[in-house]
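Quick notes on the structure that follows.
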2 protein chains.
Amino acid sequence: MPWEPVGNHPNLNERTQHLLKVLVERYIRDGQPVGSRTLARDAGLDLSPATIRNVMADLEDLGYLQSPHTSAGRVPTARGYRLFIDALLNVPPLDHREVEILRRRIDQPVQNSAELARTVSDLLSGVTRLAGIVMVPRRNVVTLRHVEFLPLSENRVLVVLVLNAQEVQNRIIQTRRPYSAVELNQAAQYLNGQFAGKGIQQVRETLLRDLRETRDNLDRLMQTVVEMAEQTFEIDPVGEDYVVAGQTHLMQCADLSDLDTLRQLFEAFNHKSDLLHLFDQCLHADGVQIFIGEEAGSSVLQGCSVVTAPYTVEGQVLGVLGVIGPTRMAYDRVIPVVEVTARLLAAALNDQD
Amino acid sequence: MPWEPVGNHPNLNERTQHLLKVLVERYIRDGQPVGSRTLARDAGLDLSPATIRNVMADLEDLGYLQSPHTSAGRVPTARGYRLFIDALLNVPPLDHREVEILRRRIDQPVQNSAELARTVSDLLSGVTRLAGIVMVPRRNVVTLRHVEFLPLSENRVLVVLVLNAQEVQNRIIQTRRPYSAVELNQAAQYLNGQFAGKGIQQVRETLLRDLRETRDNLDRLMQTVVEMAEQTFEIDPVGEDYVVAGQTHLMQCADLSDLDTLRQLFEAFNHKSDLLHLFDQCLHADGVQIFIGEEAGSSVLQGCSVVTAPYTVEGQVLGVLGVIGPTRMAYDRVIPVVEVTARLLAAALNDQD
DNA sequence: CTTGGCACTCTGAGGCCGAGAGTGCCAACC
DNA sequence: GGTTGGCACTCTCGGCCTCAGAGTGCCAAG
């Protein structure tokens, strides 16, 4: 099992487990509390409702089920979902044709990783009819490919950085004195000649540590180089961020119909820090991970589940993707979709480099 | 008045207009249908409720008011809001201190126009507690500042374009044959030397029309230049787009509490084409424009109003910004905020160039 | 034209009732 | 001892009624 079992569950009767499984499946399908009569019919065990009732009462005592009120059926608790997912759920592999459809949509040519993230996020949300999320983390190793300096006005210079395979970043820096286009060009040429293909961490260290202290002895070119480099490589250039798509799907699922809950959830999407924290945790677990309700650590995720998977290229984790939806979601379908999408995205990134 | 009067309204009694004004103001404040007794108290005219009732009945006949049901008070119709905004509303200028606060938030240094759009959009939504929108349109005149080609793999080249003041664009193009870094560099140098500062339209025409037909006679460098340029300047590089912020505010206003309406609205934000169409219309009206409900041309905007203003630099319209909220919004506050924000954004862009 | 009076209408909250669904418990059964 | 049918009990939900409150429209008088 790719997701780690969290709760520790006392031994449950084979039959009891089966009944829990059927109940959860039924509830995920219908969204209605499941009564003993219904469960008796569905379970295929040839037991009377009365027997079922006894089992259900036990499951309620153990915290796997609860009833909304006396005379409704039962509904799984978070603990119930947990056991279901850890031990009872069987996840069918995705149909070949479906994999193909996913592959085709991911393999379309894109301009940059942000656009790819958006595409994949759209895809996840479209296929699952939930909210899709793709995170692009801060990479540990960022390779400098090319740098360019353009004078904007008196003391402002536009820096264009090409990183990794094809990531383009630009920023504006303030300089201590005006630089001519020629000076800037020479500085860029020097940096490109010297450091293209090197890790940006390494560039920073080599350049700044070695040269800064001897600044006064440097010729004019190298002084330019140092001043530019100081600001260019100052902060880690690839920020950690994510892309959400299909939030509106969440407005359609009956479970989250409470407007206020929904608003808080949407605000969390914009706020980002909570979710980034969650995804950071997933970065180094391999395979699909599932968080049920407040297991995710944030109270705004009440009633929601998060299904995530990291994607890796050459063993290095590049990011996490996943979906957010109501806890009552079709895990048997969502899990393989998330899993396969992560693999396909990894493959696409691999080809691209 | 900056917004254009749309409906043509028959002569209304001075007193009748005053009563409509007070009613709309009251309704905007409370959100409750206004009855004759309330209006009589609020209007300050020393009239009895019975008289007010007669006037209200007239206004209803003329289509300015309606009652939700027999024994509720009256509510303005779209037509009523229209008249209110066109002729009755007085818009107080924004407080100096408030303008200063806005200015300070807009004048913060930013990296590129997309980031600025986001900042301003956030600002609009924060100040008005509605959804803020900033559109960056396709500019008519796009100036090439700098171009750079980097070989990625066999037949793929990364193009980095610096446009206008500081806009950086990048795209990947497929080439017919592999090019070396040196070749690409020469081609870029040629283009920069020849065309930096020129309009991109002009570059395209000059280069492609004049040279393409004589391709066979060109030297190797110029052949490279032509192939690169063909794809680099093929499509209009600055896409029309907008940024929405603070959508969640719309979930809090009682008027739009219908989940389904809200969902459709949010989907419209993602879909973009409807709203882009609307904003295109605003591009060349000067000053604040207001669309009430379906005046905006899209049925998803039922119950919503849109307040927009274009922002210009040196007489050239650069884009449109505005807010979307329930029709029952505090126009006397929203209008000056939108107006001032547009001016401040224009000023900020002007300084930046 | 304005006003007070008055009958009328409609909503919304609260209370009541009955149907339906499901439970818990118990005694009987295998 | 696990399983079962029976049965009383509880709770929700929709329909129905009622009543107070708010606001209207109309009319006749000022």
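Naming: A, B, ... by sequence-line order, numbering from 1 per chain.
The backbone N or O of Val337(A) lies less than 3.5 Å from a partner atom in the side chain of Thr341(A), making a donor-acceptor pair. Of the possible polar contacts, one joining the Thr77(B) side chain to the Tyr64(B) backbone as a donor-acceptor pair under 3.5 Å is found.
No side-chain donor-acceptor contact under 3.5 Å links Gln66(A) and Glu60(A).
Evaluation of the salt bridge (charged side-chain N to carboxylate O under 4.0 Å, His left out) test over residues 14-27 of chain B, restricted to residues two or more places apart or in two chains, returns Lys21(B)-Glu25(B), Arg26(B)-Asp30(B), Arg26(B)-Asp42(B).
Taking the six-membered ring where tryptophan is involved, the planes of Phe266(A) and Phe266(B) are tilted, since the angle between them lies from 30° to 60°.
Of the residues in residues 39-48 of chain B, those with a non-hydrogen atom less than 4.0 angstrom from any atom of DNA chain C are Asp46(B), Leu47(B), Ser48(B).
With Tyr331(B) as the fixed residue, the side-chain contact (heavy atoms from CB on, under 4.5 Å) test singles out one of Val288(B), Ile85(B), Val91(B): Ile85(B).
Nucleotide dT2(C) holds its C1' atom 14 Å from the CG atom of Asp58(B), rounded to whole Å. Distance Asp30(A) CG to dA21(C) P: 15 Å, rounded to the nearest Å.
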Problem - Stepwise salt bridge (Lys or Arg N to Asp or Glu O under 4.0 Å) test for Arg333(A) and Glu98(A) - result: CA-CA 11 Å; Arg333(A) 204 179 138 64; Glu98(A) 290 194 279; 3.0 Å; yes
Report, one pair per line, the protein and nucleotides 14-25 of chain D atoms (nitrogen or oxygen only) whose separation is under 3.5 Å.
unit_1	atom_1	unit_2	atom_2	d
dA22(D)	N3	Ser71(B)	OG	3.4
dG23(D)	O4'	Ser71(B)	O	3.2
dG23(D)	O3'	Ala72(B)	O	3.4
dT24(D)	OP1	Arg74(B)	NH1	3.4
dT24(D)	OP2	Ser36(B)	N	3.3
dT24(D)	OP2	Ser36(B)	OG	2.6
dG25(D)	OP1	Arg74(B)	NH2	2.9
dG25(D)	N7	Arg53(B)	NE	3.2
dG25(D)	O6	Arg53(B)	NH2	3.2

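Atoms OG and CD, on Ser299(A) and Gln264(A) in that order, are 6.5 Å from each other to the nearest 0.5 Å.
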